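Chain identifiers are assigned alphabetically (A, B, ...) following the order of the sequence lines, protein sequences preceding nucleic acid strands; residue numbering begins at 1 within each chain. Because the structure is a prediction, the values reported are computed rather than measured. Worth knowing before you read on, the calculation uses all heavy atoms, side chains too, and leaves out hydrogens, waters and symmetry mates.
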Number of protein chains: 2
Amino acid sequence: MLQFTKRTEYALIALVHMVDREGEVTSVRELCERYPLPKRLLAEVLKDLSHAGLVVSHRGAQGGYSLAAPAERLTLGAIIGAIEGVPTLTNCDALALSRDGGCEVHPVCPIRSPIERVRENIWRLFEATSLRSLVPDPRAGRTEVIQRLRESLATGAPH
Amino acid sequence: MLQFTKRTEYALIALVHMVDREGEVTSVRELCERYPLPKRLLAEVLKDLSHAGLVVSHRGAQGGYSLAAPAERLTLGAIIGAIEGVPTLTNCDALALSRDGGCEVHPVCPIRSPIERVRENIWRLFEATSLRSLVPDPRAGRTEVIQRLRESLATGAPH
DNA sequence: CAATATAGCACTGAAATGGTGCTATATGGC
DNA sequence: GCCATATAGCACCATTTCAGTGCTATATTG
Ligand code: SF4
Ligand code: SF4
């Protein structure tokens with residue numbers, strides 16, 4: 001439905017929270033005390049982020065998670081990719097997988113390539129959006145997203 | 001999963017096909033002879049497009065559908081909106097609906113506003129993408145999407 | 001009137017997603 | 001050493017969404 005999953009939203013909430021406490025270690029319990037989220041599910045999400053290398057886990061008492069890189073370097077694209085996988089936007093890509101998983105229309109599909117262009121643009125937007133730019137009231141960098149996107153569009157021509 | 005539904009893809013295929021035959025009337029049968037799509041489902045999709053005013057229906061024998069406007073005026077945004085509804089990207093919007101449908105996190109959600117900005121950008125991209133620009137080999141206007149988006153970004157600042 | 005084609009509406013089956021159970025393992029403090 | 005805390009891993013169920021179909025009515029052409 002062209003919508004972020006709850007898992008992705010939870011990941012973003014956790015990460016934005018962690019930006020405010022950059023350098024510190026944040027546990028799932030802390031997050032759940034602050035936001036009314038299902039603890040176990042949030043834990044799964046943090047695990048995924050850890051697997052993707054976006055956060056670093058610290059096990060044991062006093063443990064938790066901390067950002068694996070400065071908030072400027074963590075992009076929305078990387079976050080979405082970690083939780084939902086790289087957005088496909090179409091179903092063509094299933095072709096590369098199981099044999100009969102491919103789209104029947106593929107050979108005569110008139111929209112494959114055009115849609116791919118749109119997909120690239122969206123993905124580019126996500127990649128150009130840093131985690132820090134998602135933190136409310138950064139005071140500076142309010143227009144970072146737009147600026148970066150514009151640069152990105154200027155260079156990478158859509159095919 | 002941040003992906004178009006099959007219905008939307010089918011709509012795009014039908015519309016792109018109709019651009020090639022602008023001015024003519026295209027029936028669901030014709031479309032199904034050309035592309036291996038489930039006829040009944042495609043019919044439902046065309047109905048939706050008709051309801052949204054993107055195509056004009058012609059009932060009875062020799063009937064079918066024709067574009068309701070030049071392909072330049074039909075935007076990807078309008079098409080998606082017609083089939084899937086306006087993309088919400090988050091679930092906040094459910095608040096406006098049933099009473100207990102609202103998100104629990106809403107009052108303390110730190111990502112609502114930032115995500116909204118992202119949503120605006122994506123939506124803007126869709127609005128800036130005309131149906132004609134989705135037709136393969138338009139010869140001209142290959143970069144129309146990028147051009148329009150750039151203009152759009154230059155004027156409408158993201159809030 | 002018969003053939004074609006859309007209009008409308010509800011329904012089923014499959015897949016994705018939200019959310020949970022349970023067990024193992026690592027760390028810090030007493 | 002032992003216990004409380006916290007992540008790791010993995011499977012599982014419940015809900016929602018989505019793809020696809022059934023059936024009937026209505027409009028148009030010849
Ligand atoms: S081939 Fe065409 S119809 Fe099939 S999944 Fe790709 S874009 Fe969609
Ligand atoms: S309030 Fe926050 S968590 Fe809830 S749906 Fe909106 S963005 Fe997502």
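With rounding to whole Å, A/F4 atom CZ is found 13 Å from C/dT17 atom P. Distance CD1 (A/I83) to C1' (C/dA16): 16 Å, rounded to an integer number of Å. At whole-Å resolution of the value, OH in B/Y10 and C1' in D/dT21 are 13 Å apart. One interatomic measurement links the two molecules: CG of B/L42 to P of C/dA5, which rounds to 13 Å at whole-angstrom precision. Rounded to a whole Å, the CG atom of A/L49 is 11 Å from the P atom of D/dA8. Atom CG of B/L46 and atom P of C/dA7 are 9 Å apart (whole Å). D/dA6 atom P lies 12 Å from atom CG of A/L31, rounded to whole Å.
Counting heavy atoms from C-beta on, the side chains of A/V135 and A/D20 come closer than 4.5 Å.
Partner of A/P114 under the side chain to side chain contact (heavy atoms under 4.5 Å, CB included) criterion, chosen from B/V16, B/L134, B/L131: B/L134. Residue B/N121 forms a side chain to side chain contact (heavy atoms under 4.5 Å, CB included) with just one option from A/N121, A/L125, A/I122, and that option is A/L125.
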Atom pairs under 3.5 Å: protein N/O with N/O of nucleotides 2-5 of chain D:
{"residue": "D/dT5", "atom": "O2", "partner": "A/A61", "partner atom": "N", "Å": "3.2"}

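Using a 3.5 Å distance cut-off with no hydrogens or angles, the side chains of B/E84 and B/T8 do pair a donor with an acceptor. For the residue pair B/R34/B/H17, the side-chain donor-acceptor check at 3.5 Å is not satisfied.
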List, one per line, each side-chain donor-acceptor pair under 3.5 Å for residues 46-68 of chain B, sequence neighbours excluded.
{"residue": "B/K47", "atom": "NZ", "partner": "B/E44", "partner atom": "OE2", "Å": "3.1"}
{"residue": "B/H58", "atom": "NE2", "partner": "B/S66", "partner atom": "OG", "Å": "2.9"}

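Within the structure, every side-chain polar atom (N or O) of A/S57 is placed at least 4.0 Å from both OP1 and OP2 of D/dA6.
Across the interface with DNA chain D, nearest-nucleotide mapping of B/K39 and A/S50 shows A/S50 to be the residue nearer the 5′ end.
Hydrophobic clustering of Ile, Leu, Val, Met, Phe, Trp and Tyr side chains at less than 4.5 Å, counting indirect connections, keeps A/V25 apart from A/I13.
For C/dT27, the base has no donor-acceptor partner in the side chain of A/R59 [N/O atoms by modelled type, under 3.5 angstrom].
Between A/K39 and A/E33 there is no salt bridge, since none of the side-chain N atoms of the basic residue sits less than 4.0 Å from a carboxylate O of the acidic one.
At least one donor-acceptor pair under 3.5 Å links the side chain of B/R112 to the backbone N or O of B/H106.
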Practice item. Quick one, give me the B/S/- string for nucleotides 9-18 of chain D, reading 5' to 3', where B means a protein heavy atom under 4.0 Å from the base and S means that only happens at the primed atoms, P, OP1 or OP2. Key: BB-------S
